[in-house]
Amino acid sequence: MAQRRGPGPRGLSRETRGAAALMLLLPATMVHLLLVARSGPARLLGPPPYLPGLEALWSPRALLLWLTWLGLQAALYLLPARKVAEGQELKDKSTLRYPINGFQALVLTALLVTLGVLAGLPLEELAEMLLPLAFVATLTAFIFSLLLYLKALLAPTSALAPGGNSGNPIYDFILGRELNPRIGSFDFKYFCELRPGLIGWVLINLALLMKEAELRGSPSLAMWLVNGFQLLYVGDALWQEEAILTTMDITHDGFGFMLAFGDLAWVPFTYSLQAQFLLYHPQPLGWPMASVICLINAVGFYIFRGANTQKNTFRKNPSDPRVADLETIPTATGRQLLVSGWWGMVRHPNYLGDLIMALAWSLPCGTSHLLPYFYLLYFTALLVHREDRDERQCLQKYGLAWRDYCRRVPYRIVPYIY
């Protein structure tokens, strides 16, 4: 999101009005997707089959399940970590410490869920509770964001985020005033970024797979592929958890409604859309086509992981033998810009890998409906917007060196296209 400019003629800047619109549009879109995924026509661009009343949205049982889930993940966050890493240097020259135990939380969650299912836990019932669970997750995000905003009023100036300290309460509530809100050593943004939402996503996928097995005798090949691809993605993110400490979400963006809603509600309930679609609209898929889809996902994952690993290795130690021979451009800040390897192919090769994987996740759903491709369309728009923001910030930070890099690497995400 661009830095807020002065108030317009109606008292709110264009950026503020846009952020406020997103605060309403994103929850409405999530509910729309949940409703149409289970409807017969499953039209992405058509009206929902019905408008749910409060009785369809509110469920004390869903609230209890959601709070239990958050409590479980918080307890796993507090367990001894395999490693404790330091984040980037802050304005006051200090650094924060973060437990690297996300993959441990995933494994322990899987173990607890397995034991629960063996003991008779009806996990497949989650498939019928997605709408009320999404509603309480959204409600939690609103309340949580309000508490974060009030907490930030007491925070020192050095603890505030660059983009969420505009003085406009609506804008700051949405973007987040405080960069790293904490109570003691518990970092709320870092916790929400990878734990309840991502692990919740694969748990919902598993519940949908089990529901399909209950309805049809066994899960379909398409459902297995979607579950496997997305589990690989989440497992990799949690295994590489330390890498998130250098991302803009952690180093630059405040923690407000936009990130809280995205982490807690949007990710688990919209990223599981392919599995939701397959439960209600089974698709035939043979092994030859499945093999092609697996190859597409493997290519995307190879690019995504290779680019991110190369970048993180270089940031940690430019003298590392794996990256020492790569060509670089010196900058006035003292840092070097990679201009060979993955980062000499396009400026954001990790985004390219992400988009290829998004395509592979949608293809098992066939081509008769646009709905399962929502994630690919949304993610393309998100990454193009993020890439544009990255470009402007890198130009401001690196100046002439960034212009030289753009001249030598002209394509942003897709070689010879964009």
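Every heavy atom of this structure was used, including side-chain atoms; hydrogens, water molecules and symmetry mates were not.
At least one side-chain heavy atom of Thr109 sits less than 4.5 Å from a side-chain heavy atom of Leu76. The shortest side-chain heavy-atom distance between Tyr233 and Val202 does not fall under the 4.5 Å cut-off. Contact of the Leu26 side chain with the Met258 side chain is registered, since non-hydrogen atoms from C-beta on lie closer than 4.5 Å. Side-chain atoms of Trp69 and Leu133, non-hydrogen and from C-beta on, never get closer than 4.5 Å to each other. For the pair Asn350/Trp343, a side-chain contact is recorded, criterion being any heavy-atom separation below 4.5 Å from C-beta on. For the pair Phe135 and Leu131, the minimum side-chain heavy-atom distance is 4.5 Å or more. Under the 4.5 Å side-chain criterion, counting only non-hydrogen atoms from C-beta, Leu245 is in contact with Tyr190. Taking 4.5 Å as the limit, every side-chain heavy atom of Arg38 sits out of range of all side-chain heavy atoms of Leu130.
Ring geometry, His369 versus His281: the interplanar angle falls from 30° to 60°, so the pair is classed tilted. Using the six-membered ring where Trp is involved, Phe142 and Phe173 have ring planes that are parallel, under 30° apart on the 30 and 60° scheme. Aromatic ring orientation, Phe379 versus Tyr375: parallel (interplanar angle below 30°, classes split at 30° and 60°).
Within the 3.5 Å criterion, the main-chain N or O of Asp249 finds a donor-acceptor partner in the side chain of Lys189. Side-chain atoms of Asn308 come within 3.5 Å of backbone N or O of Phe304 as a donor-acceptor pair. The closest donor-acceptor contact from the side chain of Arg195 to the backbone of Gln73 lies at 3.5 Å or more, if one exists at all. In terms of modelled atom types and a separation under 3.5 Å, the side chain of Asp404 and the main chain of Leu400 share no donor-acceptor contact. No donor-acceptor distance shorter than 3.5 angstrom exists from the side chain of Gln88 to the backbone of Thr251, with no hydrogens or angles considered. A donor-acceptor pair under 3.5 Å is absent between the side-chain atoms of Ser272 and the main chain of Asn205, judged by distance alone. When atom types are taken as modelled, the side chain of Asn101 and the backbone of Tyr77 share a donor-acceptor pair closer than 3.5 angstrom.
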Phe144 vs Phe188, ring-ring contact (aromatic ring centres under 6.0 Å, His included): CA-CA, chis, key distance, verdict: CA-CA 10 Å; Phe144 187 31; Phe188 293 111; 5.6 Å; yes

Run the side chain to side chain contact (heavy atoms under 4.5 Å, CB included) check on Leu264 and Trp66 step by step: do they pass? CA-CA 10 Å; Leu264 298 177; Trp66 178 245; 4.0 Å; yes

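Minimum heavy-atom separation, Ala152 to Leu160: O-CD2, 4.1 Å. A pairwise comparison of heavy atoms in Asp390 and Met248 identifies OD1-SD, 2.8 Å as the closest pair. In terms of heavy atoms, Ala56 sits closest to Pro132 at O-CD, 3.9 Å.
In summary, the side chains of Trp266 and Tyr378 do present a donor paired with an acceptor at a separation below 3.5 Å, with no hydrogens or angles considered. For Ser220 and Gln283, the side-chain atoms include no donor-acceptor pair closer than 3.5 Å. In this structure, a donor-acceptor pair under 3.5 Å is absent between the side chains of Arg322 and Asn317.
For the atom pair CG of Asn227 and CD1 of Ile204, the computed distance is 11.5 Å after rounding to the nearest 0.5 Å. Interatomic distance, CZ of Arg347 versus CD1 of Ile413, reported as 10.0 Å (0.5 Å rounding). Taken to the nearest 0.5 Å, the CZ atom of Phe261 stands 11.0 Å off from the CE atom of Met23.
The pair Asp354-Arg386 does not count as a salt bridge, with every side-chain nitrogen at least 4.0 angstrom from each carboxylate oxygen. Salt bridge Lys93/Glu89: present, at least one basic N to carboxylate O contact under 4.0 Å.
When each of Val409, Ile329, Thr328 is paired with Leu338, the side chain to side chain contact (heavy atoms under 4.5 Å, CB included) condition holds for Thr328 and for no other.
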